[in-house]
Each structure stands twice: as structure tokens, then as C-alpha cells.
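In what follows, every chain begins at residue 1, and chains take the letters A, B, ... in the order their sequences are listed.
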Amino acid sequence: MRQAADEATPRQVMPPASASQARRRYGRRIPWAGIRRQTIVGWLFVLPALTMYGLFVLQPLALTVQYSLFRWDGVGPATWVGLSNYLTVLSEPRLVETLFNAFRLVLFYSLVPVAGGLVTASVIHRIAGGRLGTISRTVLFLPQVIPLVAAGIIWGRLLSLNGLINQLLTAVGLGDATRAWLGDFDFALPAVGLIGIWVLLGFCTVLLLTGMTRIDTALFESARLDGAGWLQEFRSITVPSLRYEIGVCITVTVIAALAAFDIVYVSTGGGPGNATSVPGIQIYVLAFLERQVGLASALAVVLIILVLVVILPIQRLTRETGR
Amino acid sequence: MITIGIGRATATVPGMRIAAFAVTGILFAACAAPGAVTTPSPLATTAPTTAPAVSTQPSTAPSASAAAVGPSCGTDPVVLNAYFETGFDLPFKLSDEFTKQFPNVTWKISQDQFTNLMTATPRLLAGDTPPDLIRLPSMVSLVKDGLLKNLDSYATAFGWDKFPAAQLAQNRVGSDGTRGSGSLYAMGLNYSLTGVFYNKKLATQLGMTDPPKTVAEFEDLLGKAKAAGLLPIMAWNDTPSGGGLAFPLQNLMAAYGPTQPINDWIFQKPAATIDTATNLTAAQHLEQWVKAGYFPKDANATGYTQANARFGKGEGVFMFNGDWQDAVYDKDLSGNVGFFVFPPSDASGTLAAMSAPLTYGIADKAKNADCAAAFFNWVATNDKARQIDVTVGGSNPGGPTDLPVPPAAAGSVINQTLSAGADVAKDNGAMDFIANATGAIFAQGWTPELQKMVGGKEDAAGLLKAVQAEYQKELSR
């Protein structure tokens with residue numbers, strides 16, 4: 001029964017309908033067979049991607065919005081409740097808290113990796129050419145290759161009471177500062193943030209470094225002839241030229257922070273208390289443990305809107321001032 | 001399970017798409033259109049599809065008691081579609097033995113972690129290939145949705161109603177949706193018992209010759225352990241494993257008050273509350289233990305597996321846990337591990353312990369329900385199956401009272417838990433677990449609140465109030 005529903009709905013949103021419409025429209029306006037064939041071929045190329053996009057992005061998105069208006073346990077009958085799920089999301093302290101936690105994660109997932117990535121990339125670009133540059137790029141990018149669940153487990157060990165981090169602190173005489181980082185109410189979120197920095201710093205560095213290699217070297221040469229130091233170069237040439245890349249970095253990392261799930265789920269599960277509980281975790285708990293699919297969907301929709309509200313201005317900014 | 005791409009996106013992918021996919025992807029996995037599901041009649045009794053047949057089992061079957069009467073697996077080839085819990089050998093060993101005795105039965109076994117089963121069970125039961133046998137995390141909502149087979153007619157056919165009533169009570173759901181009485185919807189493969197394990201060498205060091213008879217005696221030992229520089233209680237309390245401090249808390253609740261109100265709360269009886277005067281006393285004791293440093297400093301970051309590994313290596317004098325861990329402790333602390341049921345507050349008081357069936361159910365739409373029911377009956381009554389239950393599962397096999405409990409290896413902690421189980425049964429002190437009251441009370445109530453207590457951010461009264469509020473909120477939704 002469920003499958004039937006899954007199969008039935010996408011047909012309404014799948015592209016063939018619009019494709020045939022388009023064909024008819026073009027067919028009437030430009031009756032030349034050659035162009036029509038071109039159009040058909042074009043659509044055929046797009047069709048697989050469009051089908052996947054419709055099936056796995058648009059359809060679930062529409063369903064999520066639909067579910068959010070019901071009280072439903074996922075299996076039994078659903079009751080229409082209008083917008084009351086949204087009221088709950090915005091009024092229940094525990095759910096509101098998750099939204100705040102998501103924004104606190106932005107600091108670690110976005111601000112630090114982008115700023116750190118800029119500095120690292122410009123250092124590599126300036127002093128580490130050739131093999132050294134390749135090695136440092138590879139090392140920094142490695143976290144991208146490691147599955148996040150594995151990374152979460154490893155970091156869990158490093159941050160445990162007897163883990164490497166505390167051993168290092170003890171070795172340098174900071175034994176009093178040691179604690180079970182992921183179990184500490186004040187430090188759990190920054191610790192999760194640290195894992196995020198580790199994952200995203202390399203991504204930002206490599207992306208920004210690629211952008212730097214495209215900056216005209218003559219700019220740097222003339223600046224150096226004028227006696228500019230590294231800092232001046234960085235401020236006047238590197239950063240302004242990289243606006244577009246910086247925009248992409250911020251976009252991707254902010255989304256990673258707001259929609260965080262896997263690292264948090266594996267390392268802390270949202271605890272201790274609700275100290276690291278983010279919307280992704282609560283959506284999961286609400287939908288699968290409490291079986292409040294409607295409420296979980298409402299929180300998911302609120303999260304989508306939040307992401308859009310944060311990302312759209314960044315996108316516009318980089319598009320207008322970029323090239 | 002679910003992956004959301006942190007930093008997995010490349011710069012060429014527009015950001016919005018990632019977010020939308022990530023968020024909605026969570027829900028897509030589980031849902032059908034709400035309107036598309038017809039409402040099954042939830043609590044209707046469904047009789048087994050085939051009439052009880054006279055025994056047609058093959059002559060090679062060693063002990064005949066299992067399927068002598070009632071529904072059976074017949075003689076034609078049967079493939080039982082089963083979902084077991086990863087990490088526990090018992091159901092696998094039982095299924096092997098069952099096939100040995102009934103060669104026409106083979107198995108298609110899928111397995112998953114318990115937490116994943118919790119989330120997947122409704123969909124598996126409602127899906128196109130409903131399991132004949134499945135490990136059940138919770139039942140009430142599944143029964144409400146008409147997803148589980150009503151086992152009443154099997155109980156009559158096989159004579160399960162002659163088993164001790166307490167054995168089946170936790171698997172009964174009433175027509176009002178409360179657990180503890182009503183129709184039977186699941187069976188236990190065995191019946192586990194929880195209590196206090198102790199490291200014999202360390203306990204002797206503290207002067208403990210016999211297990212403590214009262215809470216005061218136990219607390220005295222905790223104090224001595226702390227003074228001796230030992231960790232008094234090894235425990236887990238991180239979020240992925242769930243708040244392990246709920247074990248000592250519930251033991252304390254049963255020491256200071258009657259078990260009936262606790263069970264009523266778990267079974268969602270009307271107006272039940274966990275915020276009672278005796279439970280407050282219990283929670284205050286737990287709070288004192290926390291403040292006195294009786295639990296590991298990093299309890300909130302310690303998971304179930306790590307805590308057991310550390311106890312197995314000799315860290316911690318006591319550990320609150322269940323007999324499912326017997327075999328591991330016997331291996332890690334060979335001959336050096338003991339067990340006792342948590343003592344009452346007063347030496348003349350009765351014993352009580354959390355004791356839960358290893359619950360398995362049959363999908364309402366299962367193809368081979370009769371054979372699955374015959375398997376349940378075989379597990380409870382067959383000598384070999386009962387032996388496997390004890391040796392591999394470490395728990396009491398239950399079943400009819402006239403069958404003896406098979407012996408475990410001499411000197412193993414299994415023997416201690418088995419005899420302790422008999423003591424608890426004598427005092428009628430079996431309780432279900434407070435974490436099982438609702439689907440999310442553990443994740444949303446007990447675990448975060450107990451963590452706050454460990455972190456010094458919640459006191460005993462606040463803990464009970466917060467959990468009760470969460471309970472009422474979940475039931476009212």
C-alpha cells in the first residue's frame with residue numbers, strides 16, 4: 001500500500017508531463033523538425049537527473065510539508081491539525097533550544113573553517129609550492145574522505161577522559177583542565193564543533209587554494225615590487241579576489257551546521273541533557289522514537305526555512321559583488 | 001542508516017538542494033501518505049489461519065512435547081522470515097536447533113541493532129513481507145495500529161495460559177491501550193533479571209562476605225569503596241546508550257516503595273504518576289550517590305560497551321546490569337564476579353527487580369504465523385531449547401512451572417542470577433523497566449534528566465517532575 005502511494009504521487013510531479021508540454025509548445029512555434037529533435041534530445045539528456053530530482057528531492061519535500069499538517073504516527077490514521085505542529089515547534093522550549101544550538105554550531109562549522117581556510121590557503125599558496133603544497137593539501141583534505149560516522153567514533157575516543165586530548169593536556173601541565181569533553185554540559189557543543197572544524201577546514205582550504213591559483217600572478221608581483229607584505233597582499237588582493245569562493249564555503253558550511261546530524265548523532269547523540277541537541281537529532285527522535293511524524297516534519301520544514309533565510313542573502317551578496 | 005552530507009557537497013552543488021535533501025530525506029525513508037493507509041481494526045481477535053492440526057512432526061524430532069498439540073509447522077517446507085537483534089546469539093542458536101529438530105523449517109534471518117529495530121519495526125510489520133518472527137522493542141502503538149497478531153488462540157491451543165500469569169503479563173495489551181492485562185501480543189524467548197554484579201576480589205577487600213541485606217548496608221559498602229580509593233559503581237550514562245543510572249534509580253524506587261504503582265506507570269494506567277513520595281526518597285538517594293562521587297566522573301560520556309569493558313578489567317566494585325551480560329562477565333572476570341538482587345530498605349522487606357521478557361512477536365499479516373507460534377511453544381517447553389536459553393542467553397527460560405530450569409556451568413554467575421530470579425519470583429517482585437513506559441520516555445525524559453543530575457544541574461525532585469511532565473506530554477499528543 002505504501003509503495004503504491006510512493007509510485008502514484010511522483011507521476012504528478014515527474015517531468016514527462018512538462019517535457020511533452022514543452023515539446024508541443026516548441027512544436028507549434030517552430031515547426032522545423034531539426035530544432036524539435038534537438039529539443040527532444042536535450043530533454044532526454046536532462047530526464048534521468050530530473051526524474052531522480054523529482055523522486056528523491058521534490059516529492060519528499062512536498063510530502064514533508066503535507067505530513068507537517070497532520071498528527072500521524074507513521075502507520076495508523078492521520079488527523080488534520082492545521083498549523084498546530086508549527087506552534088509546538090516554536091513554543092516548546094526543548095525544540096526551540098535545538099534551533100539555538102544549530103546557530104551556535106555555525107560558529108564552529110562555518111566561521112572558523114572559512115577564516116582558518118583563508119589563512120591556511122594563503123600560507124600554502126605563498127610559501128609551500130610543489131610537493132610540500134601537495135602534501136599539506138592532501139593531509140588537510142583527508143577528513144573529507146573518511147566517513148563521518150567513523151570520524152565521530154574516533155573523535156569520541158580522542159575526547160574521552162583517558163583520550164589523547166586529555167593525555168596531551170596532562171603532559172603540558174594542564175591536568176586540571178582534563179574532563180570527559182563530550183559528557184560535559186559546557187564543553188560538549190564546542191567539542192562537537194571541533195570535530196566539525198576538523199572536517200570542514202580542509203574543504204575550505206582546498207577550495208580557496210584553487211581560487212587563489214586563478215588570481216593573476218602579476219598582481220602579486222607588482223604588489224611585492226611595491227613592497228607589500230603578506231598581510232597587505234592578503235587583505236588587498238587575496239580576499240577580494242576570492243569573494244565567490246568564500247561565498248560557496250560559507251554556504252556549504254552553514255548548511256552543514258544547521259542540518260548537522262551524523263557527527264552529533266555518533267559522538268554525543270544530542271547529550272548530555274540537551275546540550276548538543278540539534279534539529280536533525282530531534283527530527284529523528286520525534287519521527288522514529290516518539291512516532292510523531294507530523295511534528296517531526298514541521299520541525300524539518302522550519303529548518304528548511306531557516307536555512308533558506310540564512311543562505312539566500314549570502315548567495316545574493318556573492319553573486320552581486322562577485323564577478 | 002541516515003546520512004546527511006556535512007561537507008560532502010562540492011562547490012558546484014547549489015546549497016539549497018543539499019539542505020532540502022538532507023532534511024526531507026530523513027522523513028522520506030519512513031513515510032507513506034497519511035491518507036493512503038486504511039485503518040485496520042486494531043484490537044480485533046484474529047484466529048490462526050489453519051485449524052489446529054494433529055501432530056505431523058517428523059519422527060526425527062527428539063522431544064515431542066513442543067508441537068504435540070495445537071498449530072504446528074507441518075511437514076511441507078517452511079521458510080520463517082525473522083528479524084533478530086544484532087549482537088545477541090540466543091535467537092540464532094535457537095533457530096539452528098529448531099531446524100535440526102524440524103528439518104522442513106528453514107530461516108530467512110535479517111538482523112539489526114536494537115535502536116534501528118525500534119525505528120524500523122512499524123514499517124517492517126506494515127510492509128509487503130511482514131516478518132513471521134520479530135524482536136519487539138515496544139508494543140502498545142503497534143497493537144493500536146493492528147500490526148501484531150493476537151496470540152490468544154495460540155495461548156489456548158498450546159496451554160500458555162497455564163504458565164505463571166506474571167510471565168505473560170508484560171506482553172498483554174488491553175482494549176484501552178494499557179499494557180499488563182488483556183490480549184496476548186508477544187512471547188518472551190526467555191525472562192531476564194537485573195540486579196547488582198560485583199567484583200568478588202574488590203568486594204572482599206572491603207570486607208563484604210555476604211551480599212548486603214539492606215540499602216543502608218549497601219551504601220555503607222559504597223562509602224568504604226570510595227574511602228579505599230576504588231570506584232564504587234561502574235555505570236554508563238551517555239546518550240547513545242541511554243541513561244544507565246535508571247537501573248539503580250528504579251532499584252531504589254522498589255526498595256522504598258511498592259512495585260505496583262511503578263508497573264502501573266509503565267503500563268500507562270490512567271492517572272499513574274512517577275512523582276510519588278517514595279520515589280522522591282529513592283531519587284534523593286541516587287542524588288547523594290552522585291554527589292558522593294560513587295559513579296565514574298565521565299559517566300555522561302561513557303557508553304554501555306565501554307562501561308562493561310571497564311568493569312571487566314576490574315574498574316568498579318559494583319555494576320547495575322542484567323543477566324544478559326552473564327556470559328561476558330564470566331569470560332572477562334572468570335570466577336571473580338558475583339550477583340545479588342538489590343536489597344530492600346528494610347531487612348524484612350521483599351525483593352524486587354526489573355525483569356523483562358526477551359519479547360518477540362508475529363506480524364498480523366505473517367505468512368507462517370502457526371509455525372512461528374509453534375516455535376514460541378517449542379522454546380518454552382523443549383529441553384534443548386531451554387538449555388540453550390540458559391547457556392547462551394543466561395536467563396530463565398520461563399515456560400510451565402513443572403519443567404526444571406536447566407543447570408549452567410558450575411561456578412558461573414549464571415547460576416547466581418537464575419537462583420536470584422527464583423527469589424524475586426517468590427516475592428512477586430518483578431517489574432518492567434521505567435524506560436519502556438513510552439517509545440521516547442528514555443530518550444526524551446530519563447536520559448537527559450539523569451545526565452543533568454550527574455552534571456549537577458538537576459535535583460531529585462526536579463528529575464521526577466520533568467520526567468512526569470514529559471510522560472504526560474507524550475501521552476496527550
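A salt bridge is defined here as a Lys NZ or Arg NE, NH1 or NH2 lying under 4.0 Å from an Asp or Glu carboxylate O, and B:E470 with A:R94 meets this definition. No salt bridge links A:D184 with B:K297; every basic N to acidic carboxylate O contact stays at or beyond 4.0 Å.
For A:T276, no part lies under 4.5 angstrom from a heavy atom of chain B. Heavy atoms closer than 4.5 Å to chain B are found in the side chain of A:Q292, but not in its backbone. Proximity to chain A (any heavy atom under 4.5 Å) is shown, for B:S141, by both the backbone and the side chain. With a 4.5 Å cut-off on non-hydrogen atoms, A:I314 does not touch chain B at all. Residue contact with chain A, scored on non-hydrogen atoms closer than 4.5 Å, is absent for B:L450.
When all heavy atoms of B:Q451 and A:G271 are compared, the pair lying nearest together is OE1-CA, 4.0 Å. Between B:A301 and A:A180, the shortest heavy-atom distance links the atoms CB-CB, 3.8 Å. For the pair A:G76 and B:D145, the tightest heavy-atom approach, listed with the atom from each and the gap, is CA-OD1, 3.4 Å.
Per-residue heavy-atom pair counts under 4.5 Å with chain B were compared for A:G273, A:P279, A:G294, and the maximum is reached by A:G273. Most heavy-atom pairs under 4.5 Å with chain A: of the set B:N237, B:L142, B:N300, B:T239, this distinction falls to B:T239.
Residues of residues 452-468 of chain B lying under 4.5 angstrom from chain A, judged on non-hydrogen atoms, are B:K452, B:G455, B:K457 in numerical order. Residues from residues 436-449 of chain B that place a non-hydrogen atom less than 4.5 Å from a non-hydrogen atom of chain A comprise B:G439, B:A440, B:A443, B:Q444, B:P448, given in numerical order.
Contact check for B:K473 versus A:E92: side-chain heavy atoms found under the 4.5 Å cut-off.
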Does the pair B:E474 and A:L289 meet the rule for a side-chain contact (heavy atoms from CB on, under 4.5 Å), with working shown?
CA-CA 11 Å; B:E474 284 182 22; A:L289 296 181; over 6 Å; no
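How far CG of B:D238 is from OG of A:S160: 11.5 Å, rounded to the nearest 0.5 Å.
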